[in-house]
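Taking it in order: structure first as structure tokens, then the write-up.
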2 protein chains.
Amino acid sequence: MSISSRFAVGIHILALIDLNKETASSSEFIAGSVNTNAAVIRKIMGMLKKAGLIDVQPGVAGAKLSRELSEITLFDIYKAVNVVEENELFSIHDKPHPDCVVGKNIQSTIEPIFMAAQSAMEKVFQNLTLEDIVKDIEAKEHIQ
Amino acid sequence: MSISSRFAVGIHILALIDLNKETASSSEFIAGSVNTNAAVIRKIMGMLKKAGLIDVQPGVAGAKLSRELSEITLFDIYKAVNVVEENELFSIHDKPHPDCVVGKNIQSTIEPIFMAAQSAMEKVFQNLTLEDIVKDIEAKEHIQ
DNA sequence: GTCCTTGTAACTACATTGATTACACGTTTA
DNA sequence: TAAACGTGTAATCAATGTAGTTACAAGGAC
């Protein structure tokens, strides 16, 4: 099992739009950098647009970030590309036997634990912004 | 996307083995409580056995926990049933374009973040044991 | 030896991912 | 205005993983 690379690609797209803001980043151009098909990029950009993270216009090349770099958290992107449903990272078997001590109680025992684990993971993304990503990329570029 | 219910079922199996320790818990019996097929249970129990969490013998009904309740963490079970590979909860698109500032650096920028997020999640399971689960189930049973 | 059990393999239906092609429709520009 | 380029989106495909099911070999208990 693995969470869709849409998340990583979403981050890539947004970072690229910012670092390439002098010229328009078409889906074709971005696809070249990500190394995939332009239609895949357009689909993900559609999700980012729907989430209010970028502004894109049908027919016109390029997209712009809707907010400041520092005001787009990785969690915003994570939610936008819809890789994990709310409180459904882990799945629990349904209809355990109600006449069994364990079967009767297991779901309500496990559920809050799974939710806590998912929250702990998501918190990491809430505390990071696109600015952190872009600065890290720029720093690496500077060294070389 | 969702992490396999093998994890939840694994917890269910171990809790049931403990709470039902007076009588032998055959795979058929456990399957009834979990509400699935006995072969599915045997497969998961095979994983738990391989991880050294339970003792089972071919041909003889029932299984026993290999350790104390308090010495089996949820993380042990999580690893045993193999629902998420080491540092591979999130996937990153491969072969981004090496001539692009973003493509060249995105993987090394994102990877440690994804690892941190996965670790944060796993830490929740490292801090909980089967004892916590069983006590919670017993407490619920007591109230009713 | 009979019966119950575990350990496995094989097969199925189903869902999701990511790539690909195709095309409608918007925008630009020559 | 017509051609060129770009976005939006649907349809299809191969690959993969999950969970259920059946079947059966082989171990152990009586």
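Values in this document were obtained by computation on a predicted structure and should not be read as measured data.
Residue Lys43(B) places none of its side-chain N or O atoms closer than 4.0 Å to OP1 or OP2 of dA9(C). Between Ser27(A) and dG6(D) there is no side-chain N or O to OP1 or OP2 distance below 4.0 Å. Phosphate proximity of dT7(D) to Ser26(A): absent, as no side-chain N or O sits under 4.0 Å from OP1 or OP2.
Applying the salt bridge (Lys or Arg N to Asp or Glu O under 4.0 Å) test to every pair with at least one member in residues 38-63 of chain B, sequence neighbours left out, gives no pairs at all.
Judged purely by distance below 3.5 Å, without hydrogens or angles, the side chains of Gln126(A) and Glu122(A) never pair a donor atom with an acceptor atom. For the residue pair His93(B)/Thr36(A), the side-chain donor-acceptor check at 3.5 Å is not satisfied.
Taking the side chain of Ser91(A) as heavy atoms from C-beta on, and the options dA19(D), dG7(C), dT21(D), the nearest nucleotide is dA19(D). With distances taken from any side-chain atom of Ser4(A) to the nucleotides dA22(C), dG28(D), dG18(C), the minimum falls on dG18(C). Checked against dA19(D), dG28(D), dT8(C), the side chain of Gln57(B) finds its nearest nucleotide in dG28(D). Minimum atom distance to the side chain of Ser5(B) is reached by dA19(D), of the listed dG18(C), dT20(C), dA19(D). Among dG7(C), dT7(D), dA19(D), the nucleotide with an atom closest to any side-chain atom of Pro58(A) is dT7(D). When the nucleotides dT9(D), dT6(C), dG18(C) are ranked by their closest atom to the side chain of Val56(B), dT6(C) comes out on top. For Arg42(B), counting side-chain heavy atoms from C-beta on, the closest listed nucleotide (dA23(D), dA22(C), dT21(D)) is dA23(D). Side-chain proximity of Thr36(A) to the nucleotides dG20(D), dA19(C), dG8(D) is greatest for dA19(C).
Straight-line distance from the CG atom of Asp94(A) to the C1' atom of dT18(D): 14 Å, rounded to whole Å. As a whole-Å value, the separation of Glu28(B) CD from dT21(D) C1' is 13 Å. Following rounding to the nearest Å, Phe90(A) (CZ) and dA19(D) (P) show an atom-to-atom distance of 13 Å. Atom pair Asn37(A):CG and dA14(D):C1' shows a separation of 15 Å (rounding to whole Å applied). When rounded to the nearest whole Å, the span between NE2 of His93(B) and C1' of dT17(C) equals 15 Å. Protein atom CG of Leu48(A) is 14 Å distant from nucleotide atom P of dT9(D), rounded to whole Å. What separates CD1 of Ile92(B) from P of dT17(C) is a distance of 17 Å, to the nearest Å. Rounding to whole angstrom units, CD1 of residue Ile3(A) and P of dT16(C) are separated by 15 Å.
Classification of Lys21(B) and Asp18(B) as a salt-bridged pair holds, one side-chain N sitting under 4.0 Å from a carboxylate O. A salt bridge links Lys79(B) to Glu86(B): one of the charged nitrogens lies within less than 4.0 Å of a carboxylate oxygen.
Residue contacts shown for Lys49(A) are limited to sugar-phosphate atoms, with no base heavy atom under 4.0 Å away. Ala61(A) comes within 4.0 angstrom of sugar-phosphate atoms only, judged by non-hydrogen atoms across all strands, and of no base. Nucleic acid contact class of Ser2(A) (heavy atoms, under 4.0 Å, all strands): none. Here Ala38(A) lies out of heavy-atom contact (under 4.0 Å) with every strand. Counting non-hydrogen atoms under 4.0 angstrom, Val40(B) reaches a base of the nucleic acid.
For an aromatic pair to be called close, the ring centres must be under 6.0 Å apart, and Phe114(B) with Phe90(B) satisfies this.
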